[in-house]
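Down below is the structure, laid out as C-alpha cells.
By convention in this document, chain letters (A, B, ...) are assigned in the order of the sequence lines, proteins followed by strands, and residues within each chain are numbered from 1.
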Amino acid sequence: MIKGIRGFKDILPGEVSTWQWVEQKAREIFHLYGYLEIRTPALEKLELFIRGVGADTDIVQKEMYIIPDPREGDMALRPEGTAPVMRAYVEHQIYARGDHKDRPYKVYYIGPMFRHERPQAGRFRQFHQIGAEVLGVEDPLVDAEVLALLRDFLTGLGVQDFQLQLNSVGCTNCRPAYREELKKYLKEHLNELCENCQARYERNPLRVLDCKNPTCREVVLQAPLIRDFYCSICKDHLQKLENLLQALNITYLINPRLVRGLDYYMRTAFEIVSSKLGAQNAIVGGGRYDGLSQDIGGPPVPGIGFAMGIERLISLLEIRPEGYIPDVFIAALGKEAKQEAFLLQNQLRSAGITAEIEYQEDRSLKSQLRTADKLKAHFVIMIGEDELKTGELTVKNMREGTQEQIKREEIIQHLKGKKITHGSFLP
RNA sequence: GUGGUCGUGGUGUAAAGGUUAACACUCCAGGUUGUGGCCCUGGCGAGUGCGGGUUCGAGUCCCGCCGAUCACCCCA
C-alpha cells in the first residue's frame with residue numbers, strides 16, 4: 001500500500017466543512033477590514049527565504065524543502081508567507097502605484113506552507129496558514145488594526161481561550177546597543193547556558209531570551225531587557241500601540257522576552273497563544289518588519305502582518321459546522337418507482353432542494369427509512385405502487401413524524417413552503 | 001535531529017507464550033402486509049504495521065524498519 005508522506009495530512013470531507021467554515025469566516029472579516037486576497041506560488045527561489053527570513057534562522061538552516069534545479073537555480077517550497085508577499089509587492093512595484101502611494105496595501109492569504117520538522121501535536125510538515133500583511137504604513141494605528149482584526153476573528157469563531165502576548169524587539173537603531181549589552185551579560189554566564197544557547201550567543205543572542213531550558217531561563221531572568229534600550233521612535237511606537245489597544249479594549253500581556261524566530265521582525269512582535277494546545281501553543285505569530293523590503297532588494301517599505309496556523313486554530317474550536325444533510329430522501333419500491341424517484345430527485349435539485357435516493361436494488365421500505373434517518377433527511381417522499389396509481393406521493397416529515405399525500409405536480413411547491421434547510425448547517 | 005510511549009476488523013478496546021483472535025459501535029438482514037430512531041435476534045468484516053529472530057508454539061518475548069503520539073528543539 002502506498003501511504004501519504006509523513007507530516008502531510010489528508011483532510012477528509014468530514015473535516016473539510018470545518019475548514020470551509022473557518023476560511024469563510026476569515027474572508028468575511030478580511031473583507032470587513034478592507035483586505036484583499038493575494039495568491040503567491042508555493043515555490044519560490046531559495047534566495048528569497050535566505051534573505052527574507054534570515055540565513056541564521058532554523059527555518060532556513062534546517063527546515064526547508066529545497067528543490068535543486070541547475071537550470072533555474074535552487075528553489076524552495078515556501079516555509080512562510082510574508083517574504084513571498086513582499087516579493088510580489090516589490091516585483092510589481094505596488095509602492096509606485098498611485099493608489100497605494102499613501103494608502104496601505106492590505107492583503108491576506110490562505111494556503112499551505114512547508115517545513116521539514118519532526119511532526120508533533122499541532123506541528124505538520126505541510127500545514128496551513130491564514131495570514132495578512134499591511135504594507136506601506138509605519139503608524140502604530142495599523143499595528144492596532146491588525147490586532148483588533150485578530151481579536152474579532154477569534155471571538156467570531158467562538159474561541160475563548162487565547163492570550164495576546166506583545167513585545168517590541170527594537171529597531172536597527174537601538175537593537176545593536178542592546179545586543180552588545182546582552183552579549184556582555186551572557187558572556188559572564190556562558191558556562192551556565194545550554195549548548196544551544198552557547199552557539200546562539202555569537203549568532204543570535206536575542207534568541208537566548210526565550211530559551212525554555214530551566215537554567216537558561218534563570219540566567220535570562222537577570223539579563224538586561226530591550227525596553228531599557230529603546231530609541232525614542234521605538235519607545236513611542238510601543239506606547240502609542242498600547243494606548244490604542246487599551247482604547248479598543250484589547251487585552252494583552254507585555255512579554256519582554258518574546259523574540260520571534262524570523263529575522264525580519266522589528267519593533268512590534270506578538271504571539272497569540274492558547275493554554276489548550278500543549279507544547280505547540282502559538283496559534284498566531286506576527287509583527288512589524290520594516291526592513292524586509294530592503295533585505296530582498298526593494299525600496300524601504302514598512303510592513304506588519306501575522307500568520308495563523310489553521311490546524312491549531314481548528315483544534316481548539318468548540319463549535320463545528322454540520323456537513324451535508326439532505327432536505328429530502330426519496331424511498332422507492334419497485335423498478336418503476338425507482339425510475340420515478342430518480343427523475344423526481346433531479347427535479348428537486350433543479351428547484352434548489354437537496355435530495356437523495358436509494359441506489360441498492362430491492363431494499364425494504366423499512367431499511368430505506370433507516371437510511372433516511374441516518375442521513376438526517378428532513379423529509380422522506382415515498383413512491384410505491386399506490387403512489388404510481390394515484391399520482392399522489394406520500395411525504396413524511398421525519399422531524400415531526402407526520403405525513404401527508406401530495407399531488408406529484410405540487411410536490412416542489414409544497415416542499416418550498418416548508419422552510420427546508422438546503423442541505424447543511426453552519427453555526 | 002534526540003528521547004519516552006504506542007501500533008489488533010472501518011472505529012474504540014480485549015486476549016498471564018498455548019484451541020478456530022473476543023467485545024462494543026458501525027454496516028447488512030429479520031422481528032409477518034409499505035413506515036425511521038429505542039429494543040431483540042442473526043449475519044458480514046481482522047490473522048494482529050512491515051521484515052527478521054527466539055520457541056514445540058508468538059498478538060504477546062528480542063532486533064531492525066516504518067508509522068502514530070507526546071516531549072525536547074523550533075514555530076503557526
Side-chain angles (χ1 to χ4, degrees), chain A residues 1-9 12 14 53 57-64 78-82 110-131 150 162 194-197 199-200 204 207 210-214 216 258-262 265 270-274 277-286 305-316 329 331-334 337 360 362-388 394-403:
Chain A
M1 184 179 58
I2 299 177
K3 291 190 184 158
I5 299 172
R6 178 166 207 206
F8 288 64
K9 300 286 175 201
L12 299 175
V53 175
T57 59
D58 279 19
I59 291 178
V60 166
Q61 292 222 311
K62 45 191 199 197
E63 294 171 7
M64 276 202 291
R78 58 177 185 192
E80 60 98 49
T82 301
I110 300 177
M113 305 294 162
F114 306 86
R115 293 182 200 173
H116 192 116
E117 298 181 88
R118 181 102 173 240
Q120 196 186 322
R123 192 165 81 182
F124 312 96
R125 291 182 171 179
Q126 179 185 121
F127 60 102
H128 299 77
Q129 291 187 330
I130 296 174
L150 279 167
F162 64 88
C194 70
E195 241 176 84
N196 226 310
C197 285
R200 283 173 178 149
N204 206 340
R207 298 276 291 288
D210 65 353
C211 182
K212 284 159 193 154
N213 181 301
C216 293
L258 174 68
V259 178
R260 313 233 55 252
L262 290 76
Y265 287 111
F270 59 86
E271 265 176 29
I272 295 179
V273 298
S274 171
L277 278 182
Q280 310 300 317
N281 67 344
I283 78 174
V284 179
F306 68 82
M308 169 162 36
I310 301 182
E311 286 86 351
R312 290 183 190 175
L313 174 63
I314 284 177
S315 74
L316 48 88
F329 185 90
L333 292 165
Q360 302 298 121
D362 299 324
R363 298 195 75 184
S364 65
L365 180 61
K366 183 185 188 131
S367 69
Q368 293 191 56
L369 278 161
R370 259 201 261 261
T371 302
D373 187 62
K374 267 173 234 151
L375 294 172
K376 299 186 187 161
H378 195 163
F379 294 95
V380 171
I381 297 176
M382 285 171 256
I383 309 178
E385 273 178 42
D386 300 351
E387 286 79 4
L388 289 176
T394 304
V395 178
K396 174 162 184 166
N397 183 331
M398 297 293 275
R399 312 251 163 98
E400 319 272 327
T402 56
Q403 71 181 48

Checklist entry - When you check the phosphate oxygens OP1 and OP2 of B:C28, does a side-chain N or O of A:Lys374 lie under 4.0 Å from one of them? => result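 Yes, A:Lys374 has a side-chain N/O under 4.0 Å of OP1/OP2 on B:C28.
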
Checklist entry - Is there a side-chain polar atom (N or O) of A:Gln368 under 4.0 Å from OP1 or OP2 of B:G36? => result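 No, because none of the side-chain N or O atoms of A:Gln368 sits under 4.0 Å from OP1 or OP2 of B:G36.
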
Next on the checklist: If you define the side chain from C-beta out and look only at heavy atoms, does anything of A:Val284 sit under 4.5 Å from A:Phe270?
Outcome noted: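 Side-chain contact under 4.5 Å: yes.
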
Item to check | Check: A:Leu333 and A:Met382 side chains under 4.5 Å, non-hydrogen atoms | outcome: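 No - every pair of side-chain heavy atoms lies 4.5 Å or more apart.
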
Atom [atom1] of [X] to atom [atom2] of [N]: distance rounded to whole Å?
X        : N     : atom1 : atom2 : result
A:Leu277 : B:A76 : CG    : P     : 14 Å
A:Arg125 : B:A68 : CZ    : C1'   : 13 Å
A:Ile310 : B:C75 : CD1   : C1'   : 16 Å
A:Glu311 : B:C75 : CD    : C1'   : 13 Å
A:Leu316 : B:A76 : CG    : P     : 16 Å

Please list, pair by pair, any protein nitrogen or oxygen found under 3.5 Å from a nitrogen or oxygen in nucleotides 29-35 of chain B.
residue : atom : partner  : partner atom : Å
B:A29   : OP1  : A:Arg363 : NE           : 3.0
B:A29   : OP1  : A:Arg363 : NH2          : 3.2
B:A29   : OP2  : A:Arg363 : NH2          : 3.0
B:G34   : O6   : A:Asp386 : N            : 2.9
B:G34   : O6   : A:Asp386 : OD1          : 3.2
B:G34   : O6   : A:Asp386 : OD2          : 2.9
B:G34   : O6   : A:Glu387 : OE1          : 3.3
B:G34   : N1   : A:Glu387 : OE1          : 2.8
B:G34   : N1   : A:Glu387 : OE2          : 3.1
B:G34   : N2   : A:Glu387 : OE2          : 3.0
B:U35   : O2   : A:Lys396 : NZ           : 3.0
B:U35   : O2   : A:Gln403 : OE1          : 3.3
B:U35   : N3   : A:Gln403 : OE1          : 2.9
B:U35   : N3   : A:Gln403 : NE2          : 3.3
B:U35   : O4   : A:Gln403 : NE2          : 2.8

Please state the [atom1] separation for the pair [N] and [M] - nearest whole angstrom.
N     : M     : atom1 : answer
B:C25 : B:C61 : C1'   : 33 Å
B:U41 : B:C50 : C1'   : 40 Å
B:G59 : B:G3  : C1'   : 27 Å
B:C65 : B:A29 : C1'   : 44 Å
B:G17 : B:C62 : C1'   : 14 Å
B:U5  : B:A46 : P     : 33 Å
B:U8  : B:A15 : C1'   : 10 Å
B:G9  : B:G4  : C1'   : 29 Å

Next on the checklist: Quick check: on RNA chain B, is the nucleotide nearest A:Gly7 upstream (toward 5') of the one nearest A:Gly309, or the reverse? Name the residue that is more 5'.
Outcome noted: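 So the residue in question is A:Gly7.
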
Checklist entry - Which residue, A:His128 or A:Arg123, contacts RNA chain B at a nucleotide closer to its 5' end, judged by nearest heavy atom? => result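 That would be A:Arg123.
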
Any base atoms under 4.0 Å from [X], or only sugar-phosphate, or nothing? Heavy atoms, all strands.
X        : result
A:Phe306 : nothing
A:Gly131 : nothing
A:Ala372 : nothing

Checklist entry - A:Lys62: what forms a salt bridge (charged side-chain N to carboxylate O under 4.0 Å, His left out) with it, not counting sequence neighbours? => result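 Salt bridge (charged side-chain N to carboxylate O under 4.0 Å, His left out) check on A:Lys62 returns A:Asp58.
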
Next on the checklist: Is it the case that atom CD in A:Glu385 sees more than 12 heavy atoms from other parts of the structure closer than 6.0 Å?
Outcome noted: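 Result for CD/A:Glu385: open.
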
Checklist entry - Does B:G59 adopt a syn or an anti glycosidic conformation, taking syn as a chi angle within 90° of 0? => result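 With its glycosidic angle more than 90° from zero, B:G59 counts as anti.
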
Please produce a list of atom pairs where a protein N or O lies less than 3.5 Å from an N or O of nucleotides 2-5 of chain B.
residue : atom : partner  : partner atom : Å
B:U2    : O4   : A:Arg118 : NH1          : 2.6
B:G3    : O6   : A:Arg118 : NH2          : 3.3

Please enumerate all protein N or O atoms sitting under 3.5 Å from an N or O of nucleotides 47-51 of chain B, with distances to 0.1 Å.
none

Item to check | Closest to side chain of A:Arg6, choosing from B:G67, B:A76, B:G37 | outcome: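 My answer, after comparing the listed nucleotides, is B:G67.
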
Checklist entry - Between A:Arg115 and A:Phe127, which heavy-atom pair has the shortest distance, and what is it? => result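 Of all heavy-atom pairs spanning A:Arg115 and A:Phe127, the closest is NE-CZ, 3.6 Å.
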
Checklist entry - Ignoring hydrogens and angles, does a donor from either the side chain of A:Gln129 or the base of B:C75 sit under 3.5 Å from an acceptor on the other? => result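 Per atom types, no contact qualifies.
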
Next on the checklist: So that I can compare with my own list, what are the stems of RNA chain B, taken as at least three consecutive Watson-Crick or G-U pairs with distances under 3.5 Å?
Outcome noted: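 The stems that RNA chain B takes part in, listed by first number, are B:1-7 with B:66-72, B:10-13 with B:22-25, B:27-31 with B:39-43, B:49-53 with B:61-65.
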
Checklist entry - With sequence neighbours left out, what residues match A:Pro119 under side chain to side chain contact (heavy atoms under 4.5 Å, CB included)? => result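 For A:Pro119, the residues satisfying side chain to side chain contact (heavy atoms under 4.5 Å, CB included) (neighbours in sequence not counted) are A:Arg6, A:Arg125.
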
Next on the checklist: So, taking the atom named CZ in A:Phe162 and the one named CG in A:Leu313, what distance separates them when rounded to the nearest 0.5 Å?
Outcome noted: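 Going from CZ on A:Phe162 over to CG on A:Leu313, the span is 10.5 Å.
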
